[in-house]
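Notes to accompany the following structure.
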Amino acid sequence: MEPMLSTADLPPPPVHVAIIMDGNGRWAKARGLPRTAGHKRGAEAVRRTVEAAREMGVSYLTLYAFSSENWKRPAGEVTDLMGLLRLYLRNEVNNLHKNGIRLKVIGDRNRLGADIVRLIEDSEAKTAGNTALTLLLALSYGGRQEIVEAARSLARDVAEGRISPDSIDEESINARLTTAGVPDPDLIIRTSGEQRISNFLLWQGAYAELVFQDTLWPDFGRNELEAAIRDFHGRDRRFGTAR
Ligand code: IPE
Ligand code: IPE
Ligand code: MG
């Protein structure tokens with residue numbers, strides 16, 4: 001008999017997977033639908049992907065849902081995206097909690113509506129004790145803006161005499177990013193065929209493996225996540241060494 005391939009035979013999954021969820025607009029356009037229809041289907045792909053990541057044993061999943069630059073989109077699209085976000089937070093948190101998932105939102109909350117900030121705070125508080133998977137949602141997130149904030153915070157500490165400039169190191173910068181306490185991403189996936197980072201996890205992704213897939217985000221699911229992780233396992237991560 002053929003030996004069964006059990007999950008015990010597979011290498012452990014990457015600890016931290018991050019995804020640039022791109023292609024909702026093109027998915028909708030290809031079907032003659034408004035862009036919002038693509039974003040709606042994108043939210044379903046989020047559900048599938050979170051579930052699959054948890055089942056595969058990923059510890060941290062970061063999803064890039066809205067960038068600092070996405071505020072430049074037409075007001076109607078921004079409103080629709082914020083509406084979907086509200087729906088997701090209202091409808092999905094009980095499900096996340098039931099599955100042992102901790103939710104954490106990274107990005108600039110000052111630009112989000114007060115009601116959304118409250119929903120985020122409630123969701124984070126409710127799920128804070130969960131340990132199966134940490135889901136980081138990047139909202140109004142920009143890597144450069146995040147580094148600027150860290151620089152400001154360090155400058156204030158220096159100006160007020162709490163630290164000396166020479167004590168600033170990678171660790172003190174890490175501690176001032178919105179991802180403080182989260183290990184760097186091992187794998188960054190981008191869908192829709194675009195091959196760029198678009199201001200995502202600039203500092204944290206210094207040594208991430210990059211996987212680009214042609215699949216449009218609304219079509220993403222377990223198979224695509226598994227394929228990306230297979231790619232990841234085929235890579236030789238050297239971190240600058242001569243290994
Ligand atoms: C990703 O899909 C969702 C967000 C950036 C909010 P897009 O809306 O960027 O879709 P395309 O790139 O136009 O196809
Ligand atoms: C990146 O996608 C941001 C998110 C997926 C949230 P964009 O569609 O905004 O990126 P560009 O404009 O193609 O670089
Ligand atoms: Mg796009």
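First listed ligand is number 1; within each ligand, the first listed atom is number 1. FYI, the numbering just counts along the sequence from 1. Quantities reported herein were computed from a predicted structural model and do not represent experimental measurements.
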Legend entry - Salt-bridge criterion met for R35 and D80 (N-O under 4.0 Å): no
Legend entry - Proximal atoms of ligand 2 relative to F66 (non-hydrogen, under 4.0 Å): 6 (C)
Inset, instruction - Assign the ring pair F200 / Y141 to parallel, tilted or perpendicular, where the plane angle (0 to 90°) is split at 30° and 60°. - result: perpendicular
Inset, instruction - Report yes if some N/O of E194 lies less than 3.5 Å from some N/O of ligand 2; otherwise report no. - result: no
Inset, instruction - May I ask you to check whether D22 has an N/O atom sitting below 3.5 Å from an N/O atom of ligand 2? - result: yes
Inset, instruction - Evaluate the criterion salt bridge (charged side-chain N to carboxylate O under 4.0 Å, His left out) for residue pair R26 and E194; output intermediate values, then yes/no. - result: CA-CA 12 Å; R26 280 163 281 169; E194 306 299 344; 3.0 Å; yes
Inset, instruction - Give a yes or no on whether the backbone of S172 and the side-chain of R176 come within a donor-acceptor separation of less than 3.5 Å. - result: yes
Inset, instruction - May I ask you to identify the nearest protein heavy atom to atom 1 (C) of ligand 1, giving residue, atom name and distance to one decimal place in Å? - result: M21 O, 3.0 Å
Legend entry - Minimum heavy-atom distance between G42 and N24, given as atom pair plus value: CA-OD1, 4.1 Å
Inset, instruction - For atom 13 (O) of ligand 1, grab the closest protein heavy atom and report residue, atom and distance to one decimal in Å. - result: R35 NH2, 3.0 Å
Inset, instruction - Just need the protein heavy atom nearest to atom 8 (O) of ligand 1, so name the residue and atom and give the distance. - result: R73 NH1, 2.7 Å
Inset, instruction - With the side chain counted from C-beta on, respond yes when E51 and N99 share a heavy-atom pair under 4.5 Å apart, and no when they do not. - result: yes
Legend entry - N or O pair under 3.5 Å between R196 and ligand 2: yes
Inset, instruction - State the atoms of ligand 1, each with its element, that fall below the 4.0 Å cut-off from a heavy-atom position in R26. - result: 11 (P), 12 (O), 14 (O)
Inset, instruction - Give a yes/no verdict on a cation-pi contact between R73 and W71, requiring under 6.0 Å between NZ or CZ and the six-membered ring centre and an angle within 45° of the axis. - result: no
Inset, instruction - Pick whichever of S198, S140, A65, S192 has a heavy atom sitting closest to atom 11 (P) of ligand 2. - result: S198
Inset, instruction - Answer yes or no: is there an ion pair linking E124 with R102, defined by an N-O contact shorter than 4.0 Å? - result: no
Legend entry - Proximity of H39 to ligand 1 by residue part, where a heavy atom lies under 4.0 Å: side chain
Legend entry - For atom 10 (O) of ligand 1, the protein heavy atom that lies nearest, with its residue and separation: G25 N, 2.9 Å
Inset, instruction - Measure from the Mg ion (ligand 3) to every N/O/S atom of D22 and report the name of the nearest one. - result: OD1
Inset, instruction - Around atom 3 (C) of ligand 1, find the nearest protein heavy atom and jot down its residue, atom name and distance. - result: N24 ND2, 3.5 Å
Legend entry - Per-residue contact class, N70 against ligand 1 - non-hydrogen pairs under 4.0 Å: side chain
Inset, instruction - Verify the cluster assignment for L135 and I188: are they in a single hydrophobic cluster under the rule of side-chain heavy atoms below 4.5 Å apart? - result: no
